[in-house]
Amino acid sequence: MSATWSNWAGNVTATPARIVEPRSVEEVVDAVKQAADRGEHVRVVGAGHSFTPLVATEGTLLRLTHLTGVVEVDRERRRVRVAAGTPLHVLNPLLDALGLALPNLGDIDRQGIAGAVATGTHGTGVRHQGIGAAVIGLTLVLADGSVVAVDDARDPELFRAATVGLGAFGVVVEVELQCVPAFRLRALETPGRLGEVVERYEAMVAEHDHVDVHWFPHTDRVLLKRNSRVTDDDPGRPQPRWRERLDDDLLSNKLYEVLNRAAASRPTIVPRLNQVSSRVLGAKEYTDTSWRVFCTARDVRFRESEYAVPRTSLPAVLGELRAWIDSHDVALPIPVEVRSTGADDVWLSTAYQRENAYVAVHQYHRMDDGGVFAAFEAMVREHDGRPHWGKLHTLGAEDLSRLYPRFGDVQRVRDRVDPERLFANAHLAHILGD
């Protein structure tokens, strides 16, 4: 089947020679071998939530839609093996039913587990790590059609390279995850002022397990989310379903889409709209299952650039970004998001051997970015910023080799398992080198 493919944001399109939806690992093997015989490149797509042309191809595009579900459970060690195409919004309830949970999650749950891991989805919490750090094993189909299982004991170099692997090493068909017992979070959401939040940021991330800051550009207002893990005997209750529907469905999506469309029609009203938006979602406190607190519905489409910088650089980066926005003719109706995570040991993780603050700049998909993405990238370059692999950036292999200590090892492992670059495209050639 051949058709035009587009990502979720609509900023990347491709016309692959064929789109294949295998129903088994054996069918993945067949699709890889057939593509190689035809001289076609192979890329794998999940939910299309990346903003970069990471999966764009004129060759074979594999959709792992049918490879879903929990394959195996080790209850004693709290480990699960999951089919690569399983969406996070499907996986989270499945784990919950087993009394398990992922230690950390991002705020969007539409991605497939393999895509979320491959691009470095991270979540927030300085005492916690991104999803990739929970991966303890992978099963891949390599360029020669062989199926290999890798972990810290079996080909550990391929394991470390392919975990946040950008689809450059093979087709991930299964992911083994180290889970934790299911847990609840107390969510506290309050309005605040940007300057006060920056000043208190280190104290907040030390006090709370997960801190997420949403700053409304053209204002000094923020929505501050602080989530803390609670014990089983904590009396907290979930928010009423009517409030959840009001906030997540009506205010954060339907009404917010209307406001963003108004902003696209009249960009000059954005500062006033942001003042309104920052007040619409009031303070609230509730307790619920971890994934229900972590993940929110995001129907308003946007483009995004996100960089990880050392946490000590956060005040400077936010100050520079605010000064640039205030001094340029740009309209940004979607909040800038600030999060932090602990360091990990995954070679291409943005958190490799470094605690980070993450700053994410967004623009509504119907609006021009006004130069903010390029300006933001220039700012974070001065702070050793590492780009989120699934979000807008222009850095190439030369830049990235200076930012990632194991970058040369990544290239060496790629040369070993895919010397003919079956799993390549123009974007991968740019970021990993030929």
Item to complete: Verify ring pair (Phe, Tyr, Trp, His ring centres under 6.0 Å) between His210 and Phe294, making sure each step is shown before the conclusion.
Response: CA-CA 9 Å; His210 311 275; Phe294 281 133; 4.8 Å; yes
Worksheet item: Is the shortest heavy-atom distance from the side chain of Val197 to the side chain of Val338 under 4.5 Å?
Response: no
Worksheet item: Is Asp232 salt-bridged to Arg184, cutoff N-O under 4.0 Å?
Response: no
Worksheet item: Does Arg226 come within less than 4.0 Å of Glu207, counting only side-chain N to carboxylate O?
Response: no
Discussion item. Working to the nearest 0.5 angstrom, can you tell me the gap between Asp399 CG and Asp384 CG?
Written reply: 11.5 Å
Discussion item. As a quick check of understanding, evaluate side-chain contact (heavy atoms from CB on, under 4.5 Å) for Arg298 and Arg110, giving each step before the final call.
Written reply: CA-CA 9 Å; Arg298 291 283 191 93; Arg110 300 296 103 177; over 6 Å; no
Fill in: Considering all heavy atoms, the nearest Met367-Gln363 contact
O-CG, 3.6 Å
Fill in: Backbone N/O of Arg292 and side chain of Thr289: donor-acceptor pair under 3.5 Å
no
Worksheet item: Short question: side chain of Thr121, backbone of Ala116 - any donor-acceptor pair under 3.5 Å?
Response: yes
Discussion item. So does Ile136 get a backbone contact from the side chain of Asp151, meaning a donor-acceptor N/O pair under 3.5 Å?
Written reply: no
Practice prompt. Decide side-chain hydrogen bond (donor to acceptor under 3.5 Å, both in side chains) for Thr394 and Glu377; before the verdict, give the C-alpha distance in whole Å, the side-chain angles of both, and the deciding distance to 0.1 Å.
Written response: CA-CA 8 Å; Thr394 65; Glu377 183 169 274; 2.3 Å; yes
Worksheet item: Are any non-hydrogen side-chain atoms of His128 and Arg229 less than 4.5 angstrom apart?
Response: yes
Worksheet item: Taking only residues two or more places apart in sequence, or in another chain, which ones meet Thr350 in a side-chain hydrogen bond (donor to acceptor under 3.5 Å, both in side chains)?
Response: Tyr358
Worksheet item: Do Phe183 and Pro181 touch side chain to side chain, with heavy atoms closer than 4.5 Å?
Response: no
Worksheet item: With distance as the sole test, does Gln353 use its side chain to make a donor-acceptor pair with the main-chain N or O of Ala343 at under 3.5 Å?
Response: no
Discussion item. Val213 and side chain to side chain contact (heavy atoms under 4.5 Å, CB included): which single residue from Leu314, Val336, Leu224, Leu223 fits?
Written reply: Leu224
Worksheet item: How many angstroms lie between SG in Cys295 and CG in Asn92, if you round to the nearest 0.5 Å?
Response: 5.5 Å
Item to complete: Under the side-chain contact (heavy atoms from CB on, under 4.5 Å) rule, what do Phe376 and Val359 come out as? Steps first, then yes or no, please.
Response: CA-CA 10 Å; Phe376 175 55; Val359 180; 3.9 Å; yes
Worksheet item: If we only count heavy atoms from C-beta on, is the Phe216 to Pro335 side-chain gap below 4.5 Å?
Response: yes
Worksheet item: Mind checking what makes side-chain hydrogen bond (donor to acceptor under 3.5 Å, both in side chains) contact with Glu157, not counting sequence neighbours?
Response: Arg412
Item to complete: May I ask you to check whether Trp389 and Tyr404 place their ring centres under 6.0 Å from each other?
Response: yes
Fill in: From CG (Asp209) to CZ (Arg127), nearest 0.5 Å
5.0 Å
Worksheet item: Between Asn7 and Val12, is there a donor-acceptor pair closer than 3.5 Å when you use the side chain of the first and the backbone of the second?
Response: yes
Discussion item. Just checking Arg381: does its CZ atom have more than 12 heavy atoms from other residues, nucleotides or ligands closer to it than 6.0 angstrom?
Written reply: yes
Worksheet item: Okay, side chain of Thr13, backbone of Ser6: is any donor-acceptor separation there less than 3.5 Å?
Response: no
Worksheet entry | Residue pair Pro387 / Leu395, side-chain heavy-atom distance below 4.5 Å | yes
Item to complete: Go through Asp344 and Ser349 one step at a time and tell me if the side-chain hydrogen bond (donor to acceptor under 3.5 Å, both in side chains) criterion holds.
Response: CA-CA 8 Å; Asp344 63 36; Ser349 166; 2.7 Å; yes
Discussion item. Within this structure, what is the OG-CD1 distance for the pair Ser401 and Ile431, rounded to the nearest 0.5 Å?
Written reply: 13.0 Å
Practice prompt. Please examine the side chains of Val330 and Trp324, heavy atoms only from C-beta on, and report whether any two atoms are closer than 4.5 Å.
Written response: yes
Worksheet item: Looking at Val28 and Pro22, what are the two nearest heavy atoms and their distance?
Response: CG2-CG, 3.6 Å
Discussion item. Surrounding CD of Glu199 (heavy atoms of other residues, nucleotides or ligands, distance under 6.0 Å), is the total greater than 12?
Written reply: no
Discussion item. Walk me through whether Leu428 and Leu54 qualify under side-chain contact (heavy atoms from CB on, under 4.5 Å).
Written reply: CA-CA 7 Å; Leu428 277 180; Leu54 192 58; 4.1 Å; yes
Item to complete: Measure across Pro53 and His427 and return the closest heavy-atom pair with its distance rounded to 0.1 Å.
Response: O-CB, 3.5 Å
Discussion item. Test side-chain contact (heavy atoms from CB on, under 4.5 Å) on Ser290 and Leu105; report intermediate values, then the result.
Written reply: CA-CA 9 Å; Ser290 60; Leu105 288 166; 5.6 Å; no
Fill in: Under-4.0 Å salt bridge between Glu337 and Lys225
no
Discussion item. I need the Ser228 OG to Arg186 CZ distance, nearest 0.5 Å.
Written reply: 7.0 Å
Discussion item. Testing the basics here: between Arg303 and Leu392, what is the closest heavy-atom pair and its distance to 0.1 Å?
Written reply: CB-CD1, 3.9 Å
Fill in: Expected output: side-chain Arg386 to main-chain Tyr352 donor-acceptor under 3.5 Å
yes
Worksheet item: Heavy atoms, side chains only, cut-off 4.5 Å: are Arg63 and Trp5 in contact?
Response: yes
Worksheet item: So which heavy atom on Glu355 is nearest to which on Val126, and how close?
Response: OE2-O, 4.5 Å
Discussion item. What I'd like to find out is whether the side chain of Trp8 reaches to under 4.5 Å of the side chain of Phe51, using heavy atoms alone.
Written reply: yes
Worksheet item: Can you check side-chain hydrogen bond (donor to acceptor under 3.5 Å, both in side chains) on Arg221 and Ser278, steps first, answer last?
Response: CA-CA 7 Å; Arg221 303 187 68 85; Ser278 66; 3.2 Å; yes
Item to complete: State, to 0.1 Å, how close Ala83 and Ile113 come at their nearest heavy-atom pair, and which atoms those are.
Response: O-CG2, 3.6 Å
Practice prompt. Ignoring hydrogens and angles, tell me if any N or O in the side chain of Gln129 forms a donor-acceptor pair with the backbone of Thr341 under 3.5 Å.
Written response: no
Scan the side chains in residues 162-176 for donor-acceptor partners under 3.5 Å anywhere in the protein, sequence neighbours excluded, and list what turns up.
residue	atom	partner	partner atom	Å
Thr163	OG1	Phe159	O	2.6
Glu174	OE1	Arg81	NH1	2.4
Glu174	OE2	Arg81	NH1	3.3

Fill in: Euclidean distance, Leu64 CG relative to Arg23 CZ, rounded to 0.5 Å
12.5 Å
Discussion item. Looking at Asp234 and Thr231, would you say the former's side chain and the latter's main chain have a donor-acceptor pair under 3.5 Å?
Written reply: no
Discussion item. With a sphere of 6.0 Å drawn around CG of Asp152, does it hold more than 12 non-hydrogen atoms of other residues, nucleotides or ligands?
Written reply: yes
Worksheet item: Do side-chain atoms of His383 reach the backbone of Pro310 as a donor and acceptor pair under 3.5 angstrom?
Response: no
